[in-house]
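Beneath this line is the structure, given in structure tokens, with notes to follow.
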Amino acid sequence: MSLPTRRSWAEPFKIKMVEPVRMTSREDRERAIRQAGYNTFLLRSADVYIDLLTDSGTSAMSDRQWAGMMLGDEAYAGSANFFHLEEAILRYYGYKYIIPTHQGRGAEHLISKILIRPGHVIPGNMYFTTTRLHQELAGGRFVDVIIREAHDPASTHPFKGNFDLEKLEDLIRKVGEKNIPYVSLATSVNMAGGQPISMANLRGLRELTAKYGIRIIHDATRVAENAYFIQQREPGYASRSTASIIHEICSYTDGATMSAKKDALVNIGGFLALNEPELFEEARNLVVVYEGLHTYGGLAGRDMEAMAIGIAESVEDDHIRARVGQVQYLGEKMMSYDVPIVVPIGGHGVFVDAKRFLPHLTQTVYPAQALAAAVYLDSGVRTMERGIVSAGRDKETGCDHTPELELVRFTVPRRVYTQAHMDVVAESAAFVYAQRDKIRGLRMTYEPRYLRFFQARFEEL
Ligand SMILES: *Cc1c(COP(=O)(O)O)cnc(C)c1O
């Protein structure tokens, strides 16, 4: 008998409660996707078998978090849970002042209103849908200054979330630092495929922005996943804990918006964090208009408690290794079936390259949207489009943005699915790939004014 050639590791948890899922028939799915206008956002979750639409708010909470829910202090003002949340944010991220919000976009709304004036320019490492929209609604214009490699799905650059610091400095010189209220920094760049920024690049960004007196506002939604990649890939960080890397990342920034529905392992919640007392005062004034009192921001006390506990769990090395490890497993399995995906595999999902998957479809017939529908039809696996539909229209010209990346995101919820689920997903992707010639493009029949990808409807051509 020979010994195994490797020592496997497994998830650092065991399952205590289960939620049954239902497999549907091909006819069921044909009816469902047609009724949903070929938009996976419009499917009912009861018609979905394995739900990889998003990692947002879809995590499984721990027994400790559920216990925390029972300790909700539902006082209107000064809830004990608010102070626990404040302590957790100071301890794990290092930000001094915090405002809870109902989710990430609530925080984006507040900071955009406070800092952006008409004519302002906000540079960032690739746009995010809600972030850019709030910047535009406040009168600003987002300018992408991510490195070129981020737009190339085949580039194996280890830190495709990096800023092109030369491009940024050129932009600052061109528009003037007075017209740049802050640089919008995302850790684990979602739209690039969950790609991290390196600490070296971030330090460079801090030096450059300090020279011109410009703030860095950090979209910390997936900071733990970014920190894990730094630990794995960046020289000098291999023996550092994820927690200490997160702390260092945040130390180079002036504030953060957070959708706690992702890394922080809760089903709802977010916050705005700041280090400047004047900005905090302004945010505290505004939050009562749009979210709720400054000590609950649209959340129940129990939600803030679950968030405080979730933040602590999210920075544990065992947790993050298993979380990102599962995504890597899915990506490697898809690659073994030759399915074209964005490399390196990201932190929160596997991004399939619809341009290479469906070379017979032009971007004008929404290849990624069509592919997401095809995967659903094959197996009941729900994914989402991250391409021309998500990119929306240019604020000034009204024309479609035409992003170089035309992707379908297979997003993995945290602590929810097993390795066997990942096998089913990869097999379905392979099966659809084998029949890719049969996939037809789509025509948009309904286009909402804002964030059209959520509610747009389509027909098959
Ligand atoms: C989800 C997300 C947001 C918005 O957060 P919500 O909680 O959905 O409002 C902002 N930035 C990034 C990178 C996200 O992934």
Side-chain angles (χ1 to χ4, degrees), residues 121-129 131-132 135 141-175 177 180 182-212 214-223 225-237 245 248-250 252-253 324 331 340-353 355-356 386-388 390-391 401-407 409:
V121 169
I122 304 93
N125 52 345
M126 203 171 269
Y127 86 100
F128 184 72
T129 53
T131 319
R132 182 177 67 190
Q135 291 163 350
R141 180 167 62 91
F142 177 83
V143 177
D144 186 6
V145 291
I146 202 165
I147 57 170
R148 200 173 26 79
E149 287 86 343
H151 297 281
D152 174 4
S155 159
T156 55
H157 192 296
F159 292 104
K160 284 164 100 173
N162 280 356
F163 278 79
D164 183 333
L165 295 174
E166 256 174 54
K167 213 190 232 177
L168 175 58
E169 187 155 24
D170 288 347
L171 180 73
I172 298 171
R173 292 225 184 92
K174 193 169 125 218
V175 305
E177 63 267 29
I180 301 182
Y182 61 91
V183 168
S184 198
L185 154 74
T187 36
S188 276
V189 181
N190 194 347
M191 303 303 280
Q195 304 294 328
I197 177 173
S198 71
M199 199 70 90
N201 186 257
L202 181 51
R203 270 194 296 267
L205 179 70
R206 178 73 289 180
E207 265 171 46
L208 178 64
T209 51
K211 184 166 120 191
Y212 290 98
I214 299 172
R215 289 182 191 88
I216 300 174
I217 299 294
H218 173 200
D219 183 337
T221 298
R222 294 187 185 80
V223 65
E225 289 164 6
N226 196 120
Y228 176 72
F229 283 126
I230 289 176
Q231 184 193 61
Q232 297 301 305
R233 296 177 188 167
E234 191 160 352
Y237 286 91
I245 298 171
E248 184 178 344
I249 291 173
C250 296
Y252 300 130
T253 71
V324 176
I341 65 170
V342 175
V343 288
I345 298 162
H348 66 299
V350 177
F351 290 66
V352 171
D353 183 356
K355 280 189 180 171
R356 265 186 296 157
R386 276 304 186 213
I388 188 166
S390 291
H401 287 293
T402 51
E404 280 175 66
L405 296 176
E406 178 71 23
L407 309 176
R409 189 178 77 179

Contact check, side chains of Asp164 and Arg148, non-hydrogen atoms, under 4.5 Å
no
Write down the atom of Ala150, the atom of Leu405, and the distance for their closest heavy-atom approach.
O-CD1, 3.5 Å
Answer yes or no: is there a side-chain heavy-atom contact under 4.5 Å between Phe159 and Asn201?
no
What residues, two or more places apart in sequence or in another chain, satisfy ring pair (Phe, Tyr, Trp, His ring centres under 6.0 Å) together with His218?
none
Hydrogens and angles aside, do Arg409 and Asn190 bring a side-chain donor and acceptor to less than 3.5 Å of each other?
yes
Side chain to side chain, Pro344 and Lys160, heavy atoms closer than 4.5 Å
yes
Ser188 and Arg222: which non-hydrogen atoms are nearest, and at how many Å?
OG-O, 3.3 Å
Val342 versus Gln195, closest heavy-atom pair with distance:
CG1-NE2, 3.9 Å
Main-chain N/O of Ser198 paired with Asn162 side-chain donor or acceptor, under 3.5 Å:
yes
Take a 6.0 Å sphere around CD of Glu207 and say whether it holds more than 12 heavy atoms from other residues, nucleotides or ligands.
no
Can you confirm whether Arg206 sits close enough to Ile216 that some side-chain heavy atom of one is under 4.5 Å from a side-chain heavy atom of the other?
yes
Ignoring hydrogens and angles, state whether a donor on the side chain of Tyr212 or Glu169 is under 3.5 Å from an acceptor on the partner side chain.
yes
Give a yes or no answer on whether the side chain of Asn125 reaches the backbone of Gly161 with a donor-acceptor pair at less than 3.5 Å.
yes
Closest approach of Ala200 and Glu234, non-hydrogen atoms and distance?
N-OE2, 2.9 Å
Is there a donor-acceptor contact under 3.5 Å linking the side chains of Asp152 and His157?
no
Decide yes or no on side chain to side chain contact (heavy atoms under 4.5 Å, CB included) for Tyr127 and Gln135, but give the supporting numbers first.
CA-CA 10 Å; Tyr127 86 100; Gln135 291 163 350; over 6 Å; no
If you define the side chain from C-beta out and look only at heavy atoms, does anything of Phe229 sit under 4.5 Å from Val324?
yes
Close side-chain approach of Thr187 and Leu202, heavy atoms under 4.5 Å:
no
Ile197 vs Val189 side-chain heavy atoms within contact, under 4.5 Å
no
Which pair of heavy atoms, one from Leu407 and one from Asp353, lies closest together, and at what distance?
CD2-CA, 4.0 Å
Rounded to the nearest 0.5 Å, the CD1 atom of Ile214 sits from the CG atom of Leu208 at a distance of 7.0 Å
Per the side chain to side chain contact (heavy atoms under 4.5 Å, CB included) rule, which among Ile146, Ile147, Val183, Thr209 passes with Phe163?
Val183
Taking the side chain as C-beta and beyond, is there a heavy-atom pair between Lys211 and Ile172 under 4.5 Å?
no
Return yes if some donor-acceptor pair links the side-chain N/O of Arg356 with the main-chain N/O of Pro340 below 3.5 Å, else return no.
no
Which of these, Leu168, Ile122, Val175, sits in a side chain to side chain contact (heavy atoms under 4.5 Å, CB included) with Ile180?
Val175
Rounded to the nearest 0.5 Å, how far apart are CD of Glu406 and CZ of Phe351?
13.0 Å
Test side chain to side chain donor-acceptor pair (under 3.5 Å) applied to Asp144 and His151, Arg132, Lys167, the passing residue
His151
Measure across Ser184 and Phe142 and return the closest heavy-atom pair with its distance rounded to 0.1 Å.
CB-CE1, 4.5 Å
